[in-house]
Amino acid sequence: MSLRLYNTLTGQKEEFTPLEAGKVGMYVCGVTVYDYCHVGHARATIVFDTVYRYLQHLGYQVNYVRNFTDIDDKIINRANEEKIGWQDVTKKYIEAFYEDMGQLNIAIPNVEPKATDHIDGMLKMVSALIEHGKAYEAEGDVYFSIKNFPEYGKLSGRNIEDMMAGARVEPGEHKRDPMDFALWKKSKPGEPSWDSPWGPGRPGWHIECSAMGRHFLGERFDIHGGGKDLVFPHHENEIAQSQGCSGTPPVKYWLHNGFVNINEEKMSKSLDNFFTIRDILKRYHPEVLRLFLLSHHYRGPIDFADQYLNDAEKTLDRFYEFFAAAQEKRGELKVESVTDANEGIRSQPFIQKIEEAMNDDFNTAVALAHMNEELRHLNKAMTHLQRKNGDWAGFDTAAATLKYACQLLGFLYHEPKDYKARVLASKKETLGLDVAQIETLIAQRQAARETKDWAKADECRDALTALGVVLEDNAEGTVWKVK
RNA sequence: GGCGCCGUCGCCAAGUGGCUAAGGCCGAGGUCUGCAAAACCUCUAUCGGCGGUUCGAAUCCGCCCGGCGCCUCCA
């Protein structure tokens with residue numbers, strides 16, 4: 001079975017056939033760097049990171065481009081508010097982006113262009129659009145002329161007449177039609193500006209992505225991704241601009257991820273109901289956030305709440321506990337032992353089930369269901385083999401294969417002990433745990449157990465339970481964790 | 001107002017015409033254990049409502065109820 005994906009352009013799932021066999025060109029709209037990223041940004045980034053990883057797993061040579069919008073009204077406003085240069089704003093938040101996304105184990109795209117490095121390409125496109133009669137200059141601004149692009153609206157399923165009726169021209173604009181949008185904006189005094197045939201100014205937002213996509217991936221490429229909120233007008237405008245220049249639709253498959261909601265409302269700055277990635281990572285391991293987001297289909301909405309993260313954390317704990325136990329018994333599980341050749345891992349029946357799920361429009365939720373089942377089977381097998389002292393060969397391969405699948409979805413990248421340590425550290429922080437007190441109680445309990453004073457031992461454990469600490473007695477001694 | 005999406009077990013969430021409606025969390029019982037924990041086993045839904053199409057629908061159509069998104073910057 002081959003990869004099928006939902007194309008916003010056609011409104012249905014389609015078989016994926018790249019323009020050039022074996023290769024995929026993919027452009028994903030990145031962030032505007034004027035503030036810290038929130039969980040909504042994390043979702044979009046993780047979703048397309050997963051798409052990227054999966055396409056590579058399938059053997060495609062992927063050219064993945066994800067941009068930074070580093071010139072924009074919001075950036076200028078932020079710079080004015082903080083009384084610093086706009087480049088200081090973008091530098092700061094690009095660094096923050098890398099810190100946050102690094103924590104989330106986002107693979108680095110092949111190219112991460114900044115809009116301001118591609119002004120020339122934008123100017124060329126704008127000039128070409130004017131030459132083709134698709135755009136016009138008006139007092140230093142340049143606008144795209146909607147009525148000269150009859151296909152406008154095909155991505156978002158709108159028609160021009162309906163939109164015209166509800167559209168308004170803002171004061172100070174010089175549009176011929178209300179729906180026309182800016183390709184180039186005349187700059188106000190003191191604002192960042194670049195020279196152009198129409199005087200000093202800066203690019204409109206939409207032309208940035210068109211120019212960067214075209215520069216790195218050509219006039220036509222395979223996949224363009226972004227959040228659902230970009231369908232209109234951003235991506236609609238990209239099509240108009242790019243096709244207006246080249247005469248050909250720029251993108252074969254348009255993919256859009258759903259929102260992150262808080263109490264079923266879209267997370268956004270204006271509603272002031274957002275959590276930044278760094279806020280969340282103070283309390284939860286990055287892989288918890290990733291697992292939570294991938295336990296839902298990427299196109300649907302996700303409601304965000306601590307309770308759901310707690311559920312995801314329990315699931316992730318199970319995986320790490322299994323691999324901790326498996327490594328203790330079997331040594332390091334080398335994924336390489338079954339992945340010397342990509343064909344090797346892909347021939348595994350379990351991976352074929354994962355592929356079947358992922359091939360259906362990246363159904364990570366179903367893939368995770370298979371992984372949970374496999375985890376259960378392997379836990380059972382591990383117990384059984386240990387008791388019977390059986391042949392572990394099949395187990396080793398299966399465990400390494402499961403690990404490969406986990407990593408395909410971007411988690412299980414840490415040593416189990418490091419994972420546990422980090423989770424514990426953040427819990428200690430948030431719950432204000434006194435480790436010395438806990439260890440004293442454990443020692444007292446251990447002493448009581450050695451004299452078989454079970455009442456005293458249980459008393460110690462009850463005290464720990466009250467602190468939120470759970471004990472686990474095993475062959476090596478007693479380990480504790482936070483409930 | 002225009003366009004579109006969603007409503008599946010206590011909670012989260014797959015499934016969109018036909019095997020017993022995945023999986024996770026929580027809960028109950030059990031195996032193991034000094035007792036626990038972990039792990040494993042077993043159990044827990046007929047799919048918002050009504051009507052229709054069909055041999056057959058959670059899945060298609062219609063109406064209704066409830067929730068949300070885009071239409072302005074937004075992942």
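Per chain, numbering begins at 1; letters A, B, ... match sequence-line order.
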Which is true for A/N372 with a 4.0 Å heavy-atom rule: it touches a base, it touches only sugar-phosphate, or it touches nothing?
sugar-phosphate
Base partner of B/U54, which must satisfy Watson-Crick or wobble distances under 3.5 Å:
none
Upstream residue (5' side of RNA chain B) when A/F232 and A/G40 are each assigned their closest nucleotide
A/F232
Hey, does the side chain of A/N159 come within less than 4.0 Å of B/C3's phosphate (OP1/OP2), counting only N and O?
no
In whole Å, what is the span from the CG atom of A/D100 to the C1' atom of B/A75?
14 Å
Donor-acceptor contacts under 3.5 Å from residues 409-420 of chain A side chains, at least two apart:
{"unit_1": "A/Y413", "atom_1": "OH", "unit_2": "A/R53", "atom_2": "NH1", "d": "2.8"}
{"unit_1": "A/Y413", "atom_1": "OH", "unit_2": "A/Q407", "atom_2": "O", "d": "2.9"}
{"unit_1": "A/Y419", "atom_1": "OH", "unit_2": "A/D317", "atom_2": "OD1", "d": "2.7"}

A/Y93: partners by ring pair (Phe, Tyr, Trp, His ring centres under 6.0 Å), with sequence neighbours left out:
A/Y36
Check whether NZ of the Lys or CZ of the Arg A/R299 lies under 6.0 Å from the centre of the six-membered ring of A/Y6 and within 45 degrees of that ring's axis.
yes
Which listed nucleotide (B/C12, B/A13, B/A75) is nearest to the side chain of A/Y308?
B/C12
Which part of the nucleic acid, if any, lies within reach of A/V47 when heavy atoms closer than 4.0 Å are counted: base, sugar-phosphate only, or nothing?
nothing
NA contact type, A/H234, heavy-atom cut-off 4.0 Å: base, sugar-phosphate, or nothing?
nothing
Using OP1 and OP2 only, check whether a side-chain N or O of A/N257 sits under 4.0 Å from B/A75.
no
Regarding A/E15 and A/R4, does a basic nitrogen lie under 4.0 Å from an acidic carboxylate oxygen?
no
Heavy atoms of other groups near A/K147 NZ, more than 12 under 6.0 Å
no
Check whether more than 12 heavy atoms from other residues, nucleotides or ligands sit under 6.0 Å from atom NZ of A/K114, and answer yes or no.
no
Could you tell me how far apart A/H377 (NE2) and B/C40 (P) are, to the nearest whole angstrom?
10 Å
Tell me whether the OP1 or OP2 atom of B/C70 has a side-chain N or O from A/K266 closer than 4.0 Å.
yes
Does A/M371 reach a base, just sugar-phosphate, or nothing at all? Heavy atoms under 4.0 Å.
nothing
Regarding A/G30, tell me which of base, sugar-phosphate or nothing describes its non-hydrogen contacts under 4.0 Å with the strands shown.
sugar-phosphate
Summarise how protein sits on nucleotides 25-38 of chain B as a single string, 5' to 3': B when a protein heavy atom is under 4.0 Å from the base, S for sugar-phosphate-only contact, - for no contact.
SS-------BBBBS
Answer with base, sugar-phosphate or nothing: what part of the nucleic acid does A/K74 contact at a heavy-atom distance below 4.0 Å?
base
Report the residue (A/A365 or A/D303) whose heavy-atom-nearest nucleotide on RNA chain B is the more 5′ of the two.
A/D303
Cation-pi geometry met for A/R158 and A/F232 (6.0 Å, 45°)
yes
Considering Watson-Crick and G-U wobble pairs with both distances under 3.5 Å, what does B/C35 pair with?
none
Taking only the side-chain heavy atoms of A/H296 (C-beta and beyond), determine which of B/C70, B/A75, B/C12 contains the nearest atom.
B/C12
Paired to B/A45 by Watson-Crick or G-U wobble criteria (both distances under 3.5 Å) is none
Describe the nucleic acid contact of A/F259 in one word from base, sugar-phosphate, nothing, applying a heavy-atom distance below 4.0 Å.
base
Aromatic A/Y34 / basic A/K269 pairing, under 6.0 angstrom, 45° off normal:
yes
